[in-house]
Amino acid sequence: MLDRLNALYPVRYTVMAASVMLWGGSLLWLLLTGPSWPAGLSLGLGTVLVVIGLRDLTQTFSAVRRNYPIIGNLRFMLEKIRPEIRQYFLESDTEATPFSRAQRSLAYARAKNDTDKRPFGTQLDVRADGHEWINHSMVPSHVASHDFRVRIGGPDCRQPYEASVFNVSAMSFGSLSANAIQALNAGAARGRFAHDTGEGSVSTWHRVHGGDLIWEIASGYFGCRGEDGRFSPERFTAQATDPQVKMIEVKLSQGAKPGHGGVLPGPKVTAEIAAARGVPQGVDCVSPAGHSAFSTPRELLAFVAQLRELSGGKPVGFKLCIGHPWEWFAIAKAMLETGIVPDFIVVDGSEGGTGAAPLEFADHVGAPLQEGLQLVHDTLVGIGLREQVRLGASGKIVSAFDIARAMALGADWCNSARGFMFALGCIQAQTCHTGHCPTGVTTQDPVRQQALVVPNKADRVFHFHQNTLRALRELVQAAGLQHPGEISAEHIVRRVGEGEVRLLSTLLHRLAPGALLGEAAGLPGVYRQYWSRASADRFGLQAPVSA
């Protein structure tokens, strides 16, 4: 009953309604009793509030003010005075950590095309352990364009894709609103970068603006599933051959909750979501923890080859968060033994976010991006396939330095969810799973999401992408390079203790090209311990060979 009442009259409009009643009552008071200062004051106050409320409801720049007329202005008033009151009160910001607040401020500035420059120098403790920087050159280079691209597609790919080095990471329609999906895709179309659909498949909202899509296929096979919930080649082909779909990504696991499935409750499975995913409306939509289309590394690669053929030769790869290292080694061995090589691999770090994940999974399951990306990059180098496989990286990537650092670790391009969420106006209210998102980004409530005005937010998505790449170009020029792909571990420095700094290259144990094609002797610990015990025929670990 309360939900129905709220749909007819959202409680967040109460202050606006009260202001209208104050104005109307004050006007009636004046008409009935004649001029008086109490009635005039009341009418003046009511008029001011109604004007503010009408302005909030009709403006297109702030979703918070459209969803919360009048009272939404309090947020921005407090933000204005926060630097002054911080010295008097212990700041307690439950919506974000200091690090994510800094990320959000940077993304907001770039999305709004405001200056991202600031006075008084660094606000970081450059003497703290773990502080990192990129070394600059005394002879900076000149790079003509910030439109950095990488070609994705191996020898078996007939439709390679020229991707931007910075793209929208996987976020599904259903977890995001229709307006948020439209804004992301419109911004991607304008900036010629890719928009990952997430596992919720390609919806009608992804198609409105025609931006390039990376279709993510997970264990639920949404958009390409049969009546039994298993993979359907026919339905896959119908969708994958659409020219708007540029790449196919098989999701093995995601950093926010690796090894964990999910359920979208039946009441949240609307007609639009059901149509996009190919599931019944109003019935629980289950994403199993594992895939049914394959159960061994060889079968996984056969599935990759099948998708590549059915899609007409488009780039096909997979996304994973590294868990058991021997399982990744098993996939690498299957590449060597079958000759089937994915066109790309996206490494997701455990620091990546999601709308809802068990606390233990979010904090304590899966390898962080640095360790996962390093392992995948080095293994591909060790088996001689690094040049054939492009590597993407995702996991708390927002700034140009985040991109540069990921590339130093071995990435060819980066995906960002958090940064583009900020560009849409996300304030990290952490109500994604409730349907009560105050900015209309992560809700299916038709009233709430209308506060997110698509053309305005599409502009912000575009500007965030462009301004971040402009900042990346400045870093590349400062380092004396021509392309971010030239950034290596020799360019990044980390403070490891009081008075001691090390190049990132000296902290990483890199494999020599082809090192895994010979004997295991002399390999670094994880390879020495598990490489020989990994098998292309199973994801499990083989028993050690007895002496």
Side-chain angles (χ1 to χ4, degrees), residues 169-178 181 195-207 213-240 242 245 247-296 299-300 302-304 306-307 310-311 316-321 323 346 348 352-358 361 365-366 394 417 432-433 435 442 444 539:
S169 195
M171 294 180 284
S172 302
F173 170 56
S175 62
L176 299 191
S177 68
I181 292 294
H195 177 193
D196 194 312
T197 65
E199 67 177 283
S201 189
V202 183
S203 70
T204 55
W205 305 113
H206 287 94
R207 302 187 186 280
L213 296 176
I214 301 172
W215 181 16
E216 183 179 88
I217 298 174
S219 56
Y221 306 110
F222 300 130
C224 58
R225 58 188 273 145
E227 299 301 326
D228 58 356
R230 300 177 69 86
F231 175 72
S232 168
E234 295 77 19
R235 293 183 179 179
F236 171 81
T237 302
Q239 190 116 275
D242 186 324
V245 176
M247 302 202 302
I248 314 296
E249 176 184 277
V250 180
K251 189 188 89 168
L252 303 181
S253 57
Q254 68 182 96
K257 47 179 181 179
H260 192 282
V263 178
L264 185 64
K268 293 186 177 182
V269 183
T270 64
E272 290 178 324
I273 293 174
R277 301 192 178 199
V279 298
Q281 180 181 350
V283 178
D284 288 354
C285 181
V286 179
S287 298
H291 280 262
S292 60
F294 54 85
S295 59
T296 69
E299 291 176 355
L300 164 62
F303 187 58
V304 166
Q306 180 188 17
L307 298 185
L310 292 174
S311 67
V316 178
F318 54 83
K319 178 176 83 173
L320 81 167
C321 176
V346 175
D348 203 8
T354 186
F361 277 78
V365 181
S394 60
C432 309
H433 59 298
T442 63
Q444 297 306 308
F539 283 108

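Counting begins at 1 with the first residue of the sequence.
Here the side chains of Leu300 and His291 are not in contact, with every heavy-atom distance at 4.5 Å or above. In this structure, Ser311 and Phe236 have side chains that are in contact, with non-hydrogen atoms separated by less than 4.5 Å.
Lys251 NZ to Ile217 CD1: the interatomic distance, rounded to the nearest 0.5 Å, is 12.5 Å. Taking OG1 of Thr197 as the reference point, atom CE of Met171 lies at 11.0 Å (rounded to 0.5 Å). Taken to the nearest 0.5 Å, the CG atom of Leu307 stands 12.5 Å off from the CZ atom of Phe318. Distance CG/Asp348 to CG/Leu252: 11.0 Å, rounded to 0.5 Å. The line from CZ of Arg225 to CZ of Arg235 is 9.0 Å long, rounded to the nearest 0.5 Å. With values rounded to the nearest 0.5 angstrom, Phe539 atom CZ is found 8.5 Å from Glu299 atom CD.
The shortest non-hydrogen separation linking Ser287 to Ser219 is C-OG, 3.8 Å. Considering every non-hydrogen atom in both Ala274 and Pro280, the closest pair reads CB-C, 4.1 Å. Closest of all the heavy-atom pairs between Phe173 and Ser203 is CD2-CB, 3.6 Å. The nearest pair of heavy atoms linking Gly174 to Ile273 is CA-CD1, 3.7 Å. The minimum heavy-atom distance between Arg277 and Gly200, with the atom names listed, is CG-O, 3.5 Å. Counting all heavy atoms, side chain and backbone alike, Ala417 lies closest to Ser169 at N-CB, 3.5 Å.
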Kindly indicate, with the supporting measurements, whether the criterion side chain to side chain contact (heavy atoms under 4.5 Å, CB included) is fulfilled by His195 and Ile181. CA-CA 9 Å; His195 177 193; Ile181 292 294; 4.2 Å; yes
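Looking at residues two or more places apart in sequence or on another chain, you find a side-chain hydrogen bond (donor to acceptor under 3.5 Å, both in side chains) between Gln239 and Ser201, Arg207. Considering only residues two or more places apart in sequence or on other chains, Thr442 meets the side chain to side chain contact (heavy atoms under 4.5 Å, CB included) condition with Leu176, Met421, Cys432, Cys437.
Under the 30°/60° scheme for interplanar angles, the aromatic rings of Phe231 and Phe303 are found to stand perpendicular.
No donor-acceptor pair closer than 3.5 Å links the side chain of Ser172 to the backbone N or O of Ser175.
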